[in-house]
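Have a look at this one.
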Amino acid sequence: MTATHLGMPAFPAAAREAVRDDVLRANLRRATHTIRDKRARAVAELADWDRLRAAGKAVKDHTLRHLDHYLLQLEEAVTAAGGTVHWAADADEANRIVTDLVLATGERELVKVKSMATQETGLNEALEAAGIAAYETDLAELIVQLGHDRPSHILVPAIHRNRAEIRDVFRAEMGGWGRPAPDGLGDDPRELAEAARLHLREKFLRAKVAVSGANFMVAETGTLVVFESEGNGRMCLTLPETLISVVGIEKVVPTFRDLEIFLQTLPRSSTAERMNPYTTMWTGTTDGDGPAAFHLVLLDNGRTDTLADEVGRQALRCIRCSACLNVCPVYERAGGHAYGSVYPGPIGAILSPQLRGTDSEIDASLPYASTLCGACYDVCPVAIDIPEVLVHLRERVAQGGPVTRDGIRVRLRPAHGRTAERAAMRAARLLLDHPGALRAGERLLARARRMRPRRLPGPGRAWTDTRELPELPAESFRDWWTRERGTPQ
Amino acid sequence: MTSRDVVLGRIRRALGERGPGPRPSPGPAGAAEIPRDYLAVHGARTPAETVDLLAAHLAEYRARVHRTDEDGLPALLADLLARRGARTVLVPPGLPAHWLAAAEPAHVQDRAESTARQLDAVDSVVTGCALAVAETGTLVLDGGPEQGRRRITLIPDHHICVVRVPGQVVDSVPRAVALLDPARPLTWISGPSATSDIELDRVEGVHGPRTLDVVLLGAQ
Ligand code: SF4
């Protein structure tokens with residue numbers, strides 16, 4: 001994974017900085033609380049939510065257990081429908097494949113619809129180095145791109161920007177990329193959306209090449225699916241002559257019917273809507289309708305390494321809905337940038353260290369970017385037990401152990417100079433093994449909540465030294481553990 | 001060794017580490033392990049109630065909903081186009097001729113060689129649909145003759161979609177998925193284009209049609 005943000009401080013340092021940024025925190029709090037409540041209402045509408053969630057989990061687990069089989073089936077179906085399938089073992093290879101495909105068309109610019117996979121590979125930078133301009137077309141991505149910024153949320157990447165900041169970015173930067181912002185542009189969201197519409201329409205109408213990701217790929221039929229709101233996805237998927245989709249190998253599902261589950265759970269979990277405004281499904285190429293050439297680039301880039309970890313592999317079930325971000329007390333306070341990755345929040349804390357390894361300080365510290373409150377697990381539409389994976393990864397960082405890197409099994413040495421983390425881990429073990437101590441710890445936490453100190457006393461000090469103390473979760477770690485493991489106290 | 005071999009090899013090694021015991025077979029047999037006890041439909045409704053639910057959900061996402069019968073359709077369409085001030089209207093190849101018999105705006109036929117730029121100059125488009133989903137307020141287009149290519153319902157700023165009720169209305173997403181043909185390009189539309197990217201405020205209309213009129217066509 002190449003897109004570690006260079007010079008990124010480790011999570012604790014970056015988070016402390018962000019927590020002090022009042023504007024960011026206010027924007028985030030308002031946004032996450034709004035969407036959190038809406039999501040709860042959208043989910044409550046479906047009496048069978050738990051069964052949909054269980055089915056979604058089962059589909060993903062089944063697919064992962066037979067990933068080789070379903071990828072081959074997908075390849076066959078896409079090829080039969082007129083598409084071309086490419087395999088990329090890592091980010092560099094994916095970028096090379098896409099760059100070569102674009103160069104072969106003779107074009108030097110393309111339009112993009114939000115794709116986390118290409119953010120992960122750093123595709124835009126690779127294209128730029130080859131003299132190809134890639135225009136982001138998702139409104140939030142446009143704000144991020146024009147503002148020379150980094151995304152901070154999976155679904156709403158510019159969630160850290162308020163309307164006045166967005167207006168300023170549009171006024172200052174649009175002209176340099178194409179059609180300038182209208183004179184006297186105000187900060188009403190309607191006006192800002194109109195400015196983006198005018199700016200990008202020009203690019204859609206002349207685009208010959210588009211790059212997309214996909215939310216799902218259907219092995220049985222070769223169908224790809226993109227969920228979106230604005231219509232920029234439809235523009236990219238239907239107007240250009242050449243479409244290149246870069247998709248992580250874990251996005252495959254076996255049958256077209258399986259989509260009936262995710263069509264119900266994804267929109268409600270992400271934008272808290274019964275259904276998002278637009279979903280496009282396409283299978284290879286269609287005569288006279290849409291791109292004449294379709295390329296699918298299947299991306300590994302650490303996914304098979306993640307698959308090799310029996311506890312950690314559940315992270316590959318993720319459908320990128322971002323519900324876990326919106327309920328996370330740590331994310332709410334620290335913001336997405338603190339995670340130093342295209343995948344922020346609870347899912348980022350378990351996905352990035354697995355995709356990229358824990359060699360960098362930020363990746364090694366990510367598994368600690370959580371209070372283990374379990375809210376992320378409760379809202380996850382594919383029931384990823386994020387706390388379980390966090391604990392597993394913490395143990396791996398602190399004590400070392402077997403991991404797979406680039407397909408090769410290696411032994412990770414215990415982290416040196418991370419006494420704090422090792423202490424935290426030992427503390428957790430002690431608490432788990434000694435219910436009495438755990439109860440004492442909870443009493444300590446309860447007291448901490450009343451007094452709201454910035455540091456925990458005693459052996460916990462080293463741990464909280466790099467953490468603003470979180471609000472006490474609704475469900476304690478012990479309750480969560482009991483519920484999950486069924487171990488009587 | 002190709003990257004394909006590399007990736008497949010890594011997957012097999014990763015899964016091989018599961019320990020002893022056979023892997024359950026993939027495909028129909030193994031897929032049986034997926035519990036499908038979720039609901040096919042949420043709640044019991046008469047066909048008329050299903051249409052009402054569709055109308056309510058469409059309106060909630062700010063589509064404008066109208067009802068008429070075959071006799072009233074040409075006048076309604078003419079009226080919607082006139083109110084919009086449309087001078088030109090895009091017509092899919094198989095749209096019933098009488099639908100637009102009373103409409104003033106000049107008809108523009110979509111042809112294979114019509115460029116995106118030409119379509120951008122057209123004011124409105126009138127289409128049918130493949131089906132509509134009541135529980136989610138969704139229209140699904142599949143490129144059939146009454147709907148045309150995907151681009152014609154995307155570029156104009158005003159889309160009028162005619163749904164035959166109750167015939168084309170299904171209750172739920174599972175009912176819809178069962179009826180659709182994945183070999184055709186499918187577009188699921190729920191309300192006009194929108195974004196929540198600025199402070200999570202929903203704003204209608206970014207790139208797709210900013211106005212969506214839905215005509216429920218059936219015996220009144
Ligand atoms: S981990 Fe679960 S809740 Fe979080 S983004 Fe992925 S699917 Fe959504």
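In what follows, every chain begins at residue 1, and chains take the letters A, B, ... in the order their sequences are listed.
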Honestly, the part of Thr286(A) sitting under 4.5 Å from a heavy atom of chain B is side chain
Under 4.5 Å to a heavy atom of chain B? For Thr137(A) that would be backbone
Under 4.5 Å to a heavy atom of chain B? For Phe227(A) that would be neither
Turns out that what part of Leu307(A) lies under 4.5 Å from chain B's heavy atoms comes down to both
So, the part of Ala55(A) with a heavy atom under 4.5 Å from chain B: the answer is both
Okay, Thr223(A) and chain B: the region with an atom under 4.5 Å from a heavy atom over there is side chain
Turns out that what part of Asp406(A) lies under 4.5 Å from chain B's heavy atoms comes down to both
Under 4.5 Å to a heavy atom of chain B? For Asp61(A) that would be neither
Report task. Tell me yes or no: between the side chains of Ser229(A) and Asn276(A), is some donor less than 3.5 Å from an acceptor? Result -> no
So, the part of Glu220(A) with a heavy atom under 4.5 Å from chain B: the answer is neither
Applying a strict 4.5 Å limit to non-hydrogen atoms, the region of Asn232(A) in contact with chain B is both
When the 4.5 angstrom heavy-atom criterion is applied to Arg234(A) and chain B, the contacting part is both
